[in-house]
Number of protein chains: 2
Amino acid sequence: MPYEFAERGSTGEVEDGQALAPRFDADGLVTCVATDAASGELLMVAHMNAEALARTIESGEAWYFSRSRRRLWRKGESSGHVQRVAEMRVDCDQDAVWIKVRQEGPGACHTGRRSCFYRAVPLGKAPDKSLVLEFRDAEKAFDPRAVYGNKS
Amino acid sequence: MPYEFAERGSTGEVEDGQALAPRFDADGLVTCVATDAASGELLMVAHMNAEALARTIESGEAWYFSRSRRRLWRKGESSGHVQRVAEMRVDCDQDAVWIKVRQEGPGACHTGRRSCFYRAVPLGKAPDKSLVLEFRDAEKAFDPRAVYGNKS
């Protein structure tokens with residue numbers, strides 16, 4: 001799959017220009033935020049290398065790079081929970097992209113929730129070992145053992 | 001400022017437990033997504049080191065770690081465009097946090113826009129040098145030269 005992103009130019013070119021010139025980090029990754037195209041809900045945060053970004057742009061389906069498994073990963077390849085990209089945006093310094101997706105299936109999170117963000121952090125005091133996360137929107141949308149088998 | 005996050009336990013403890021045990025990357029950072037608490041709009045993506053995360057939890061105002069300037073940074077310290085945190089969540093593997101904020105002032109982006117995500121990436125073909133970003137929601141909400149002076 002051929003792809004060729006623009007060279008990084010001046011700050012003004014990167015921030016106010018119309019060329020896609022991603023700033024990949026030392027590991028070759030940009031951050032990707034996926035929200036639900038209909039509800040606006042934040043579903044997940046993941047990473048893309050150049051190939052994942054190019055494949056996402058070309059196919060209109062979300063591809064990521066798994067930092068833990070060190071490999072390219074098409075969202076839904078195991079679960080069937082594909083993400084169809086309704087819109088992609090890039091941020092000012094082009095080290096993050098935002099995709100608004102139509103999430104196929106009941107959820108985006110491998111734990112079985114719709115979103116990966118199902119716990120709230122209490123605010124207002126310095127965190128210590130007494131801090132207790134609060135479950136919020138944490139009901140399971142699917143059974144990960146049934147979807148992923150023993151891999152989960 | 002004392003703070004003490006929990007030790008990283010098993011995958012089950014990290015994903016389904018109630019202890020805050022962030023997974024900081026090799027640079028000591030987690031990703032932070034900031035959305036507007038009222039509209040749900042994605043405002044920015046940035047990073048937090050342990051101290052920025054602790055200060056945000058304690059103060060209820062967003063602190064970040066600037067990768068380019070290599071320093072702790074209170075959002076709004078130059079611009080006055082402080083972010084007051086209405087809710088913080090952490091994701092399944094605890095390497096990303098999501099803050100829903102009340103954005104003080106006209107915008108979150110140092111370029112003068114309300115959001116950092118003011119350009120869309122066209123979809124449907126392999127990216128090459130002919131790809132042209134489309135400005136969307138890109139009107140300036142403030143004049144960065146007036147807000148930041150010559151630093152911008």
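Below, chains carry the letters A, B, ... as their sequence lines are ordered, and counting in each starts from 1. When reading the values below, keep in mind they use all heavy atoms of this one structure, side chains included, and skip hydrogens, waters and symmetry mates.
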With a 4.5 angstrom heavy-atom cut-off, is it the side chain or the backbone of [X] that approaches chain B, or both, or neither?
{"X": "V132(A)", "value": "both"}
{"X": "K125(A)", "value": "backbone"}
{"X": "D27(A)", "value": "neither"}
{"X": "A19(A)", "value": "backbone"}
{"X": "R67(A)", "value": "side chain"}

Quick one: pull up CZ in R71(B) and OG in S66(B) and give me the separation to the nearest 0.5 Å. 7.0 Å
Quick one: pull up SG in C116(B) and NE2 in H110(B) and give me the separation to the nearest 0.5 Å.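 Between atom SG of C116(B) and atom NE2 of H110(B) there are 7.5 Å.
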Residue pair M44(A) / D91(B), side-chain heavy-atom distance below 4.5 Å: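 When only atoms from C-beta onward are counted, D91(B) and M44(A) do not touch, as no gap falls below 4.5 Å.
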Do the non-hydrogen side-chain atoms of I99(A) and V33(A) ever get within less than 4.5 Å of each other?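 Result no, sub-4.5 Å side-chain heavy-atom pair not found.
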Salt bridge (Lys or Arg N to Asp or Glu O under 4.0 Å) evaluation trace for K75(A) with E61(A): CA-CA 8 Å; K75(A) 175 65 182 164; E61(A) 294 189 357; over 6 Å; no
Carefully, step by step, assess Q94(A) and R8(A) under the rule side-chain contact (heavy atoms from CB on, under 4.5 Å). CA-CA 10 Å; Q94(A) 301 203 28; R8(A) 300 274 297 177; 3.6 Å; yes
Ion pair R114(B)/D36(B), N-O distance below 4.0 Å: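 Answer for the salt bridge query: yes.
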Would you mind telling me which of [options] has the largest number of heavy-atom pairs within less than 4.5 Å of chain B?
{"options": "K129(A), E7(A), E134(A)", "result": "K129(A)"}
{"options": "D128(A), T56(A), D25(A), L53(A)", "result": "D128(A)"}
{"options": "T35(A), V45(A), D93(A), L20(A)", "result": "L20(A)"}
{"options": "S68(A), A26(A), G17(A), S130(A)", "result": "G17(A)"}

If you tally heavy-atom pairs under 4.5 Å between each of G124(B), A138(B), C109(B) and chain A, the highest tally belongs to G124(B)
Top contributor to chain A interface from T31(B), L42(B), L131(B), V97(B) [non-hydrogen pairs under 4.5 Å]: L42(B)
Heavy-atom contacts under 4.5 Å, residues 79-90 of chain A to chain B: V85(A), A86(A), E87(A), M88(A), R89(A), V90(A)
When Ile, Leu, Val, Met, Phe, Trp and Tyr are grouped by side-chain heavy atoms lying under 4.5 Å apart, directly or through other members, which residues fall in the same group as F135(B)?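 For the cluster that includes F135(B), the remaining residues are Y118(B).
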Take D95(A) and F24(A) through the side-chain contact (heavy atoms from CB on, under 4.5 Å) test and state the conclusion after the steps. CA-CA 6 Å; D95(A) 65 355; F24(A) 296 103; over 6 Å; no
Evaluate the ring planes of W73(A) and Y64(A), with Trp represented by its six-membered ring, and classify them as parallel (under 30°), tilted (30 to 60°) or perpendicular (over 60°). tilted
Using distance alone, with no hydrogens and no angle criterion, decide if R113(A) and T111(A) have a side-chain donor and acceptor under 3.5 Å apart. yes
